[in-house]
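Below, read A as the first sequence line, B as the second, and so on, with proteins coming before strands; counting in each chain starts at 1.
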Amino acid sequence: MSPSPGDTGTTGPGPAALAVETHGLVKRFGHQLAVGGIDLAVPQGSVFGFLGPNGSGKTTTIRMLLALAAPTHGAVAVLGQDMPRSFRTVLPRVGALVEGPAFYPFLSGRANLHRLDAADANSPAGTRAARVDAALDRVGLTHAAGKKVRAYSLGMKQRLGIANALLAPRELMVLDEPTNGLDPQGTREVRSLVRSLATEGTTVFVSSHLLAEVEQICTHAGIMRAGLLVAQGTLAELRRDGREQVRVLTPDMARACGVLARLGLVPEIAVSVPTDDDGGLVRAPVPERRGEPADIVAALVADGVRVRGFAVEAGSLEDRFVELTGEGFEVVE
Amino acid sequence: MLAALAAIPVLIAVVVRLSAHVPPGRGPVFLDRITQNGMFVAATAMVVAIPLFLPLTVGVVAGDTVAGEAGMGTLRYLLVAPAGRIRLLVVKYLGAVVFCVAATLVIVLAGSAIGALLFPVGPVTLLSGDTVGAGQAEWRLVLVAAYVTVSLAGFAAVGLFISTLTDAPVGAMAATVVLAIASQVLDSLPQLAWLHPWLFSHYWFDFADLLRQPVTWDSFGANAVLQAGYLAVFGALAYGRFASKDVLS
Amino acid sequence: MPAVIGLGVWAGPLQATVAAKAPDRTPEQVLALVAQSRVDALSGTIEQTSDLGLPQLPKTGLGATAGAASWVDMLTAPHTARVYLDGPTRMRVQVLDQLAERDLVRSGPDLWTYNSSDNTVTHVTMPARGFKKTLPSALPARVESPDQLARQFLSAVGPTTRVSEGPQSRMAGRAAYHLILSPRTTDTLIGSVDIAVDAATGLPLGVTVLARGQEKPALQVQFTQLSLAAPAADVFRFVPPAGAHVQQLTLPQRPVAHPDAKLPNARLPDAKLPGVRLPGHMIQGETHRVPVTVAGTGWDAVIEAAAGTVSQQMLDNPAVAAMMHPVTGGRALSTSVFTVFVATDGRLFAGAVPLERLQAAAAAR
């Protein structure tokens with residue numbers, strides 16, 4: 001059901017090899033359904049944004065990908081091998097930041113990384129010091145490597161967590177909310193880090209509840225809602241699936257609504273735009289292409305609507321997200 | 001915690017040094033011998049430490065093994081490393097046993113050192129009334145430390161199992177220590193005589209058999225078998241619990 | 001149940017079934033075997049357990065029970081002792097208490113006792129003859145060997161006792177015959193006495209006393225380990241440890257009245273239960289003549305000690321008082337195999353009989 005490790009990286013005909021693949025993945029805690037049967041497909045080499053509001057089952061899914069939790073039903077394959085059965089061969093090739101960083105506060109950042117690296121019995125001890133220092137350097141923590149973690153800020157801990165994921169060359173990085181607690185500068189650094197990982201060929205699986213973050217760094221995305229994967233694909237695919245929208249700027253808002261309704265659209269007055277003498281904004285999603293947009297303008301004008309502005313806009317990922325999850329989105333300032 | 005354990009013999013020695021006279025038959029066993037021979041400080045400290053201080057510290061260490069990592073969140077990173085669940089349990093248990101060794105040795109060595117410092121040291125009277133040289137006596141004290149370590153090994157396995165049940169290390173520690181107390185209380189109730197040979201604390205005080213002449217090894221053997229049984233049962237329970245546990249901390 | 005422990009428990013019976021069975025012998029032949037038995041040297045471990053229906057004192061954890069409570073402890077708590085024997089004059093008994101030990105060492109004319117809990121030594125120089133009758137009852141080590149105890153029971157075998165034989169078993173790793181002594185009278189509390197006899201040497205290995213109508217042994221003394229090789233010589237060498245309090249006891253050349261020795265019924269089982277020599281313990285001034293009389297013979301005999309011979313101090317001891325309960329005409333200590341009754345006028349009655357018989361004996365005078 002999943003490609004063998006030998007297939008990884010080959011780009012032959014047919015669908016691209018998948019770094020993460022799940023089939024009917026279900027996780028139940030008692031009576032509560034956390035993940036309700038999802039089929040995740042993360043292509044190799046992609047930067048996959050795993051989107052969803054808090055509590056939609058993102059972290060639970062990630063825990064199952066990393067063999068921390070066992071699926072109630074369904075199958076998980078990571079880097080082409082069954083999980084959790086093959087965790088011993090899969091996990092050394094996976095770097096992970098799961099639900100925030102966690103370290104021994106009484107040890108230095110460097111000592112923490114040494115200890116975590118030594119936890120894998122197969123990690124080469126000879127190169128450990130060099131790998132730890134390289135990872136610290138990559139996240140810009142070299143200057144604080146000797147400090148005890150209890151003295152670290154939240155952002156420094158987050159960087160140290162990412163450094164832990166970078167201790168060895170990885171084929172897959174799983175980053176759960178990697179920019180949490182980071183200042184704008186840190187957030188930019190994480191973005192450039194993800195891009196550089198992607199250029200090196202690493203598949204990056206980033207979970208986030210911040211849409212802007214995903215839009216800026218991801219090639220693919222999946223959207224979770226209440227334990228279900230409601231959409232996944234490339235960003236372009238997701239946007240394309242979103243409906244187009246007409247926007248009419250006019251002082252005759254009520255009349256414009258009437259005309260649009262007659263044309264079979266579902267108009268609404270955008271309350272977010274303040275109404276003044278110049279009028280307000282009426283918008284309506286276009287269910288499917290109905291002739292030329294110019295015909296809509298003609299109909300409006302014919303009915304005496306004073307059109308000050310008109311536009312047909314492609315659906316934004318934000319609209320798509322709101323449409324799919326029925327929830328508002330936190331917006332990055 | 002090792003420092004706290006080392007403080008027990010030091011405290012005993014200093015108090016005895018400062019007090020004028022210790023009447024025989026009062027207080028912990030061996031207390032009245034200390035002024036004559038400093039080697040009894042370690043033995044007295046062991047008698048004092050066994051019912052509470054050793055189970056307390058070992059319970060804290062054993063209860064913290066898995067629950068402590070879970071509580072800090074480091075458990076998920078160890079498992080993703082991947083440490084391997086069985087290996088993690090084994091390493092954690094061995095860590096607890098190493099603490100048991102260190103804890104008992106600290107009591108014996110600190111007791112011997114402070115005893116030699118504050119009191120005369122010489123041939124030691126065993127429980128049987130026979131006298132052995134100081135070197136042989138120190139060797140017997142090390143044997144006692146080994147005996148007590150074995151005594152605590154089964155208890156540490158119980159703590160390991162409890163530690164896999166929760167993500168709250170304090171709860172696991174408390175439950176483990178409470179079990180140690182409960183086991184000793186049950187062992188002191190004659191109505192439950194049938195239960196006594198099965199309690200992990202049953203042979204704790206029989207380390208004294210190593211201070212007889214000739215040495216009785218029966219209790220050492222019975223204790224080792226009992227503790228091995230506890231290790232097998234609670235090790236298996238800990239494995240059964242932890243191998244399939246969802247790590248959600 | 002822990003699997004490893006379970007295996008350990010199973011191993012014993014399995015070994016037992018493999019071992020060869022000793023030749024069958026009639027009870028008379030077994031009795032003769034005991035009578036002919038000559039075991040001069042041994043080292044072994046003796047376990048004594050009792051279930052007399054008395055409240056057991058909880059262990060304190062730190063150290064052995066000391067002082068007046070110790071003999072109460074002896075009656076109720078299980079005990080382990082190691083015994084070493086080499087010839088008629090060399091012997092060592094070690095009562096292994098928790099964190100303590102009571103020793104009795106005899107080597108030639110020297111008899112030493114040592115009590116580790118108060119670090120005291122007693123030294124007695126034995127007269128050349130009559131040593132057995134003059135063992136001071138103040139000895140700290142009061143566990144009797146199965147051998148001595150069994151011989152006391154067997155010496156009492158007479159017309160009042162029925163002797164039968166139980167199935168063979170293994171005890172201390174040795175094949176053993178079982179003699180069952182049953183009182184013919186129903187007036188005694190004792191149901192039966194089971195004596196295990198080593199098939200090879202005739203040495204009694206264990207004694208089990210069953211109270212009438214009880215399944216669990218009221219008292220059990222048996223070897224758990226036994227070796228008939230001579231113990232190392234230094235086992236019998238005793239030098240008082242430095243710092244110990246040494247008490248020298250001198251014995252008169254002529255044996256004098258020891259209460260147990262003086263009793264005409266000294267061979268009666270009830271007066272000879274190990275650690276249960278209540279009259280001897282409770283009577284003051286053991287070197288004085290004690291007015292003790294015995295009514296009846298055999299299993300249902302009643303001992304009477306005159307008023308004033310019982311130490312009030314002993315009776316007021318909290319450990320003793322806790323076990324005595326007020327009854328019509330005085331106070332009584334009732335166990336499953338013997339009863340002690342102290343009348344209000346101070347007379348003491350004891351026997352392996354129900355309390356009513358003691359009360360009746362007290363009322364008869």
Side-chain angles (χ1 to χ4, degrees), chain A residues 27-30 34 59-60 62-72 78 83-84 86-107 112-123 149-150 157 160-161 163-165 167-168 170 172-174 176, chain B residues 1-4 57 60-96 98-99 102 160 163-173 237-249:
Chain A
K27 183 65 189 180
R28 206 181 279 282
F29 296 113
T59 298
T60 304
I62 288 176
R63 285 180 186 278
M64 287 190 282
L65 299 185
L66 297 174
L68 289 172
T72 310
V78 175
M83 291 291 267
S86 305
F87 79 91
R88 219 173 282 281
T89 51
V90 170
L91 288 181
R93 297 147 65 200
V94 178
L97 177 71
V98 191
E99 204 175 19
F103 295 99
Y104 305 97
F106 47 86
L107 292 181
N112 263 290
L113 293 192
H114 271 270
R115 192 171 184 278
L116 283 169
D117 193 62
D120 177 8
N122 296 319
S123 82
V149 167
R150 84 161 62 86
K157 286 181 190 160
L160 190 61
N164 171 46
L167 278 176
R170 312 287 195 186
L172 171 68
M173 290 287 281
V174 176
D176 191 9
Chain B
M1 280 194 293
L2 289 177
T57 50
V60 164
V61 169
D64 189 54
T65 47
V66 177
E69 300 280 358
M72 270 194 288
T74 42
L75 182 59
R76 60 178 182 265
Y77 287 107
L78 289 174
L79 292 180
V80 166
R85 299 197 178 205
I86 301 172
R87 184 164 154 262
L88 186 72
L89 274 186
V90 169
V91 168
K92 283 292 180 185
Y93 178 71
L94 289 180
V98 166
F99 177 81
L160 181 76
S163 193
T164 63
L165 297 179
T166 172
D167 294 344
V170 176
M173 295 174 193
L237 284 175
Y239 167 73
R241 164 70 185 157
F242 189 58
S244 61
K245 184 186 185 184
D246 286 341
V247 175
L248 303 173
S249 60

K.L.:
If you compare all heavy atoms of B:Met72 against all heavy atoms of A:Tyr104, which two are closest, and at what distance to 0.1 Å?
P.N.:
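Scanning both residues completely, I find the closest heavy atoms to be CE-CD2, 3.3 Å.
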K.L.:
If we only count heavy atoms from C-beta on, is the A:Leu68 to B:Asp246 side-chain gap below 4.5 Å?
P.N.:
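Counting from C-beta outward, A:Leu68 and B:Asp246 never come under 4.5 Å.
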K.L.:
Counting N and O atoms only, with roles assigned by atom type, does the side chain of A:Arg88 sit under 3.5 Å from a partner on the main chain of B:Gly84, one being a donor and the other an acceptor?
P.N.:
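The answer is no, because no donor-acceptor pair under 3.5 Å joins these two groups.
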K.L.:
Taking all non-hydrogen atoms of both residues into account, name the closest pair between B:Leu78 and A:Ala119 and its distance.
P.N.:
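So the two residues come closest at CD2-CB, 3.6 Å.
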K.L.:
Should B:Val80 and A:Val94 count as side-chain neighbours, where that means a heavy-atom distance under 4.5 Å?
P.N.:
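Answer no - side chains too far apart.
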K.L.:
Check whether B:Leu248 gets within reach of chain A through its side chain, its backbone, both or neither, counting any heavy atom under 4.5 Å.
P.N.:
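When you check distances to chain A, atoms from both the backbone and side chain of B:Leu248 fall under 4.5 Å.
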K.L.:
How close do A:Val98 and B:Tyr77 get, counting heavy atoms only, and between which atoms?
P.N.:
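Smallest heavy-atom distance, with atoms named: N-OH, 3.0 Å.
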K.L.:
Checking heavy atoms, do the side chain of A:Asn112, its backbone, both or neither come under 4.5 Å from chain B?
P.N.:
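For A:Asn112, no heavy atom lies under 4.5 Å from chain B.
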K.L.:
Check A:Ala102 against B:Thr74 and note the closest heavy-atom contact, atom names and distance.
P.N.:
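Nearest pair, atom of A:Ala102 first, then B:Thr74: O-CG2, 3.5 Å.
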K.L.:
Do B:Leu79 and A:Phe87 have side chains that get closer than 4.5 Å, going by heavy atoms?
P.N.:
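Of all side-chain heavy-atom pairs linking A:Phe87 with B:Leu79, none is under 4.5 Å.
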K.L.:
Taking the side chain as C-beta and beyond, is there a heavy-atom pair between B:Arg76 and A:Leu66 under 4.5 Å?
P.N.:
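Answer no - side chains too far apart.
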K.L.:
Heavy-atom cut-off 4.5 Å, strictly under: side chain, backbone, both or neither for A:Leu97 against chain B?
P.N.:
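It is both, since atoms from each part get that close.
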K.L.:
To check you understand the geometry: which heavy-atom pair defines the closest contact between A:Ala121 and B:Arg87, and what is its length?
P.N.:
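A:Ala121 and B:Arg87 have their closest heavy atoms at CB-CZ, 3.4 Å.
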K.L.:
Measure A:Ala118 against the heavy atoms of chain B and call it side chain, backbone, both or neither at under 4.5 Å.
P.N.:
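For A:Ala118, backbone heavy atoms alone lie under 4.5 Å from chain B.
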